Amino acid sequence: MVGKTFIVEHLDPELGPWSELEYIAIAKETQETKGNFLLSSLPTEFKVPAALNGIPAFKPEHRGVEELYADNRAKVCLLDPAAAKDLSPEDGETFDAFLFGGILGDDPPRDRTSELRRKGFEGRRLGPKQMTTDTAVRVTRLVVQDGIALDKVPYVDFPELKFNAHESTQMPFRYVTDKEGNPIMPEGMKELIQKDADKSLDDLL
Ligand code: SAM
């Protein structure tokens, strides 16, 4: 297996707790599968969380992807929900690096990936449903490194997370599933979602 480079161009002004958990998950999985994970376009004052710094596959970058790949732009594929063509295992032979928007999912999607589309990289879609950034990286890796066709990746759409007998929330995204059919999420994400849901409820009271 040849490990690819996965670039997340950080587009939010700061690193929120959701993004941090997503980036840690990407770094760990990229490490296990012998790839590289670049978190690019970081503001100069950005403090890299310790949990990320300790993972050798992870590299923080202040430069943006245009500067990093100025001499080999054709080797970069932008994962773009609005691209005309879906990603295929053959794209693993054409491209060395896969670029993602470092944006939290939003419902309805605001198409902030357009900030990267404007830079002119070749785009590929991962099917019609919005994924979280770590899911999009996971699916891309399964397709271009493991050679699994996009429609053979096991998914669940809009899963309901049950916290207890009375509380649950529906996630407006598509996720890859594990062997038991449960959505794969970053470690600590379910707890964070529950905490945020409790907080919004408290704010209403
Ligand atoms: N609502 C978002 C937007 O404003 O574009 C989608 C952001 S998504 C949470 C983060 C990144 O994952 C996107 O920038 C894109 O690179 C990738 N992504 C997510 N779903 C995708 C899909 N269905 N096809 C291609 N890329 C996708």
Side-chain angles (χ1 to χ4, degrees), residues 4-27 29-30 35-42 61 64-66 68-69 73 75-92 94-145 148-159 169-177 183-186 189 192-193 196:
K4 295 288 185 186
T5 296
F6 301 96
I7 310 166
V8 175
E9 182 105 330
H10 190 68
L11 296 173
D12 283 333
E14 44 191 52
L15 180 71
W18 286 51
S19 304
E20 184 174 336
L21 293 183
E22 290 189 0
Y23 294 165
I24 292 170
I26 296 170
E29 289 176 28
T30 309
N36 298 299
F37 170 29
L38 292 186
L39 187 56
S40 58
S41 236
L42 291 173
E61 255 299 343
V65 63
E66 277 180 300
L68 289 167
Y69 280 82
R73 298 176 59 85
K75 287 288 169 193
V76 180
C77 172
L78 169 66
L79 282 303
D80 180 357
K85 212 169 150 188
D86 277 345
L87 187 74
S88 73
E90 295 73 52
D91 289 317
T94 312
F95 302 107
D96 293 337
F98 295 85
L99 172 63
F100 304 81
I103 314 158
L104 276 183
D106 40 20
D107 185 30
R110 282 184 295 154
D111 191 24
R112 290 190 49 209
T113 310
S114 58
E115 293 179 38
L116 293 173
R117 190 179 310 134
R118 279 198 287 276
K119 299 181 193 288
F121 294 105
E122 176 87 20
R124 292 287 186 272
R125 196 181 71 147
L126 296 169
K129 300 264 166 31
Q130 183 180 192
M131 298 171 179
T132 59
T133 309
D134 63 297
T135 305
V137 175
R138 192 169 295 119
V139 172
T140 301
R141 187 179 50 247
L142 291 170
V143 174
V144 300
Q145 282 190 196
I148 302 175
L150 192 61
D151 61 357
K152 295 285 178 286
V153 176
Y155 301 113
V156 58
D157 291 336
F158 315 136
T169 191
Q170 193 177 32
M171 304 305 293
F173 309 115
R174 167 172 282 187
Y175 293 87
V176 177
T177 51
I184 299 177
M185 289 188 174
M189 185 59 92
L192 185 62
I193 292 168
D196 282 0

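For clarity, every value in this text was computed on a predicted model and none was experimentally measured. Order of listing sets the numbers, starting from 1, for every ligand and every atom in it.
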**Asked** For ligand 1, what is the set of protein residues having any non-hydrogen atom at a distance below 4.0 Å?
**Response** Leu79, Asp80, Pro81, Phe100, Gly101, Ile103, Leu104, Gly105, Asp106, Pro109, Arg110, Asp111, Arg112, Thr113, Arg124, Arg125, Leu126, Gly127, Lys129, Gln130, Met131, Thr133, Ala136
**Message:** Minimum heavy-atom separation for Thr113 and Leu79, please, with both atom names.
**Reply:** CG2-O, 3.8 Å
**Item:** Under the ring pair (Phe, Tyr, Trp, His ring centres under 6.0 Å) test, residues paired with Phe37 that sit two or more places apart
**Value:** Phe58
**Message:** With a 3.5 Å distance limit and no angle check, can you tell me whether Glu9 reaches the backbone of Val65 through a side-chain donor-acceptor pair?
**Reply:** yes
**Request:** Mind checking side chain to side chain contact (heavy atoms under 4.5 Å, CB included) for Arg125 and listing every partner two or more places apart, or none if nothing turns up?
**Result:** Ala83, Asp86, Pro128
**Request:** Taking Thr30 for its side chain and Ile26 for its backbone only, find out whether a donor-acceptor pair lies under 3.5 Å.
**Result:** yes
**Prompt:** Quick one: salt bridge (Lys or Arg N to Asp or Glu O under 4.0 Å) partners of Arg73, sequence neighbours excluded?
**Reply:** none
